[in-house]
Every structure is written in structure tokens, then in C-alpha cells.
Amino acid sequence: MKEAKLIEEFTTEQRALLPKVQLKNTFQIDKIQLVAGVDLAYWDVEGKTYGTCCIVVIDFSTHEVVEKVHSYGEITVPYISGYLAFRELPLIKAAAKKLTLQPDLFLFDGNGYLHYRNMGIATHASFYLNKPTIGVAKSYLKIDDIDFTMPENREGAYTDIVINNKIYGRALRTTKNVKPIFISCGNWIDLETTTDIVMSLVNKESRLPIPVRLADLETHVKRREY
DNA sequence: GCGACAG
DNA sequence: ATCTTGTCGC
């Protein structure tokens, strides 16, 4: 089909954005008050695919939910590994536009710098949200045939994911006896801070950062309503 | 035909 | 992502 044409176009856009990525903090961690989690859910109706994007904002210190917004619409871009942002960004932008509060940081269900061209959805989306972002993936995206090293079975244990002598991200065991998650910088943040923030947002109930977990739950609720 | 493959 | 019950384990 013309999927090859899309991939060529998408790749060009990702390569153009890459030089603008900065893996260093543009904020003070003790100034962070509001963090947002972003996730989407999909379903099919009469051959068409629809989706809803939910953003849940919580207070960084109390974990209290302070705002929830969502968007809904038809999904036209297919899922292609490495190009998730192009499929999900339209609904993400629409939902973000409805926010009345301004989160200091956004966490995504998907990768950031840990990506074939270092331009996963968390990194890509930062340019539209103009805020620091973090990528949180539940499964490992293998790049250049490099496997990750399993971290020790201990809360907070992690291993760096090194590809071509660059640290792309980390396999992080957020809780003992659970599978690791794969975190990476989105933009305007460093990997140490990324790790600290993710660890401060997990608890016994969720191996995923709370905002991402809540956004995921919210998408299921919204899908039932449509 | 077979294997890969964030969500 | 989504289709889906029970079941093993802490």
C-alpha cells in the first residue's frame, strides 16, 4: 500500500525534531507540583477505529487527582512500530487543549528517547505540549538487536539500556516481584530525574506511575460511555 | 512462508 | 491496543 510513503514522511519529521531534544532539566524538581498521565484506548465500529485520549493530572506530593480531561474521535493513522506518535498525537493535542491547569510534567504510555530514532511519543509530544516529558513503556522495544539486562528483583533496581554507546533508557523494577517497566527521557529532563520521579509515583497498587495508571483506567471508563 | 512488533 | 475465565501466588 502507501504505508511506505507514510513511513518516509514520518521519518523525515522525526529526524528534523531530534536536534531540538535536550536531555537535561529545564526545571527544579522541588518546583514540580502537577504531573499528568496520558493514555488512549481504542475500539472498532463498522470497520472504523475510534479512540479516546485521557489526561489525568495529580498533585505531585499528595497524589490527589486535580483534573481529568479527555478527547474522542476516529483514528485514521495505522499503528506502525516506531511511529506511535503520529497515530496518537491528534487526540492528545485535543485533550491537552481542554486542560485548565498547566501540568509541570507529562508522563506517557510509550517510549521517549528509547526509540529507533530517539523520537518516541513522549519526546515527540513534548514539542506540542511545551513541557518536560517522560516515556513509560510496559514492554521492551528492541533496537539494533540489543536486549536489556534484567534488573535485580528488588524495589528500585534498574539497568541502563545502552545502544551504540548511548544510554537510551532504563529497565526499572518499580516493585519487588513484578516485571520491570522501560523508562526513558522524553525531553527537557535527564535520566536520573526521570528515574526519581517515576519511583516517587509508584506504590504497591501500581507498578506503573500513578498518573499513567489512572489515565489508563479512565480511558476504559470513557470507552464504555461511547 | 516466518518472525517482529512501544500502543 | 483489543478479544477474554479461571487460576496460581503473595
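So that the names make sense, note that chain A is the first sequence line, chain B the second, and so on, each numbered from 1. Source: prediction; values computed, not measured. Side chains included, hydrogens not; waters and symmetry mates left out as well; all remaining heavy atoms used.
No more than 12 heavy atoms of other residues, nucleotides or ligands lie within 6.0 Å of CD in A/Gln28, so this atom counts as exposed by the packing criterion. The environment of A/Glu13 atom CD is dense: over 12 non-hydrogen atoms of other residues, nucleotides or ligands sit within 6.0 angstrom.
Comparing the C1' positions of C/dT2 and B/dC5 gives an interatomic distance of 15 Å, to the nearest angstrom. Nucleotides B/dA4 and C/dC3 place their P atoms 25 Å apart, quoted to the nearest Å. For the C1' atoms, the distance from C/dG6 to B/dG1 is 35 Å, rounded to whole Å.
Ring geometry for A/Phe148 versus A/Phe182: interplanar angle over 60°, hence perpendicular rather than tilted (30 to 60°).
Using modelled atom types, one side-chain atom of A/Arg87 and one backbone atom of A/Val77 make a donor-acceptor pair closer than 3.5 Å.
A side chain to side chain contact (heavy atoms under 4.5 Å, CB included) with A/Ile55 is found for exactly one of A/Val69, A/Leu214, A/Leu129, namely A/Val69.
Here C/dA1 presents its P atom at 16 Å from CZ of A/Phe108, a figure rounded to the nearest Å. Taking atom CG of A/Leu217 as the reference point, atom P of C/dA1 lies 12 Å away to the nearest angstrom. In this structure, A/Ile75 atom CD1 and C/dA1 atom P are separated by 14 Å, rounded to whole Å.
A donor-acceptor contact under 3.5 angstrom links the side chains of A/Thr195 and A/Arg170, judged on distance only. For the residue pair A/Tyr42 and A/Thr219, no side-chain donor N or O sits within less than 3.5 Å of a side-chain acceptor on the partner.
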*Where each pair must be Watson-Crick or G-U wobble with both distances under 3.5 Å, what dot-bracket representation of DNA chain B is obtained, with crossing pairs in [ ] and other-strand partners as |?*
.......
*What dot-bracket string describes DNA chain C from 5' to 3', counting Watson-Crick and G-U wobble pairs whose defining distances are under 3.5 Å, with [ ] for crossing pairs and | for pairs to another strand?*
..........
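Comparing A/Asn177 and A/Thr219 against DNA chain C, the residue whose closest nucleotide sits nearer the 5' end is A/Thr219.
Between A/Tyr72 and A/Leu91 the shortest side-chain heavy-atom distance does not fall below 4.5 Å. A heavy-atom distance below 4.5 Å is not found between the side chains of A/Thr123 and A/Trp188.
Across every non-hydrogen atom of A/Glu67 and A/Thr100, the tightest pair is OE2-OG1, 2.9 Å.
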*asked:* What does the B/S/- profile of nucleotides 1-7 of chain B look like, 5' to 3', with a 4.0 Å heavy-atom cutoff to protein?
replied: ----SBB
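Relative to the ring axis of A/Tyr128, A/Lys93 places its NZ or CZ within 45° and under 6.0 Å from the centre.
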